[in-house]
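Quick notes on the structure that follows.
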Amino acid sequence: MSDLKATVTQTKRGFHVEGFERITYDFDFVNGVFDIKNTGLADCYKPWKRVLAVMDKTVYGLYGQQMARYFEHHGIPLTVHKTCIGEKAKTMETLLSICDSITEFGIIRKEPVLVIGGGLVTDVAGFACATYRRNTNYIRIPTTVIGLIDASVSIKVAVNYGNYKNRLGAYHAPMQTFLDFSFLRTLPTAQVRNGFAELTKISSCAHIGTFDLLDHYCEQLIETKFGQAEGASDEIGLDRVIAYGHTYVHLAPMEEMCADGESWSPLHELIPETPLRHGHAISIDMAYSATLARQRGLLSPSEHSRLLALFSRAGLSIDHPLFDGSVLEKGTAAILKTRDGLLRLAVPSPLGRCTFINDVSDDELKSALSEHKKLCKNYPREGAGVEAYVDSSDTGVEMEHLESVRDKGKGVSWTDYHGVILGPSSNGSSTLTTLQVGHTALMAKVHGNSRYRYP
């Protein structure tokens, strides 16, 4: 929640305006936010006597009934806008559909929208609230690892524009965020791994103690969904990982926290025919940057090996066949525009601390890339990740749209909700002929010369 204050004074040539925006918001840790006994969320909406929720469709399928019972018990009528947002649907069109629901609901000034879902949902819905009447309040409930430790901790909200990630956006703080780790019990392992990359990114440049925990408990953290799976030890909970680095993380400069892994990763996500998951794009970026740092003597060989080994153990990508000199050149050009003509490449030096590289030549970048690719051949899967590519559960494909297309006789069918979308064959049926998993791609090849494209 923000409050803008300004003063105006007269000058010889006109007027001078000076102002500041005061931002305040709370994080509440809660176990079972929709548990009737936990009244914190209901208390936020009792003054309004109603609530509009923008909610991820998958999360709604898992928790929608429980949420409805919760608000019904507390006497608060509930309206739900269900959405399915992936990188391909992180668009102005999706944002405007949320604005349409806000208009239909008749939101009142200062009345908060409730936003529930992963980082993509909170990004787009948060930006919708930032644009609606220039400043509409909202409350966030993140449901993924990335949401809990990154997207819903930040006040950045955005949509993609063209082939550019988060090109349109704003800084818009929520009134409140409820952090409920129990959502991780139903989170797919691929998404847990996705969030592990974000934690590694932050800790490798900001807090060695947290990095040590991730390194020591890597496989257990992923297998037990950060301690939320039944029978998991309290010793490996995400709350402990966050608490360990909480103080330092909030004192560290924002640059240190966010820049590592965010230089070339936007291109890694969007270049493959089937997009890479965000965490895998980040881990490729970080692994390559670490190789550059090692070549410069900023990171010791042992620390470099330790970082790449952690990514590999977690099933995260450290290389991709499409990451070549051309991508490196395009990505670097984009970085320089975004960062005022400076590379500002964040690298760990040593692990747990951060330094920035600016004076690097194209030849040095390409030399590091060549060396990095040779190194990756010695790692499991030759540096490829596990479940690295998005599927129909996180691409933003609307299942109703697919059904509509099929009903119109276009021959499109699909597997279950978490499966791979297939395309039409030459005889109108859909046949899965190969499934490539690894460093080349994750895609379903079909007979015929066409296949369903993401909207």
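Because the structure is predicted, anything quoted here is derived from the model rather than measured.
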Any side-chain donor paired with an acceptor under 3.5 Å for Asn137 and Glu111? no
For Asn38 and Gly32, the nearest pair of non-hydrogen atoms, with its separation, is ND2-O, 2.6 Å
| query | Is Asp359 paired with Arg296 through a side-chain N to carboxylate O contact shorter than 4.0 Å? | reply | yes
* Pair Phe323 + Tyr288: ring centers closer than 6.0 Å -> yes
**Request:** Would you check if the side chain of Arg50 reaches a backbone N or O of Phe105 as a donor-acceptor pair within less than 3.5 Å?
**Result:** yes
Measure from the side-chain N and O atoms of Arg185 to the backbone N and O of Ala229, and report whether any donor-acceptor pair falls under 3.5 Å. no
| task | Let me see the working for Glu198 and Lys201 under salt bridge (Lys or Arg N to Asp or Glu O under 4.0 Å), right down to the final yes or no. | result | CA-CA 5 Å; Glu198 282 286 349; Lys201 162 188 142 180; 3.4 Å; yes
| query | Side-chain donor-acceptor pair under 3.5 Å between Ser154 and Asp150, yes or no? | reply | no
*Are His172 and Tyr138 close enough that their ring centers fall under 6.0 Å?*
yes
Scanning both residues in full, the closest heavy-atom pair of Leu187 with Thr144 reads CD1-CG2, 3.7 Å
Item to complete: Assert yes or no for the condition that the ring centre distance of His207 to Phe211 is strictly below 6.0 Å.
Response: no
For residues 36-46, the salt bridge (Lys or Arg N to Asp or Glu O under 4.0 Å) pairs (sequence neighbours left out) are Asp43-Lys46
So does Asp215 get a backbone contact from the side chain of Arg313, meaning a donor-acceptor N/O pair under 3.5 Å?
yes
Check: Lys90/Asn166 side-chain N/O donor and acceptor closer than 3.5 Å | yes
Residues Ile146 and Gly195: closest non-hydrogen pair is CG1-CA, 3.6 Å
Check your understanding: Between His280 and Ser317, is there a donor-acceptor pair closer than 3.5 Å when you use the side chain of the first and the backbone of the second?
Key -> yes
Please work out which of the three classes, parallel, tilted or perpendicular, describes the rings of Phe34 and Tyr63, given edges at 30° and 60°. tilted
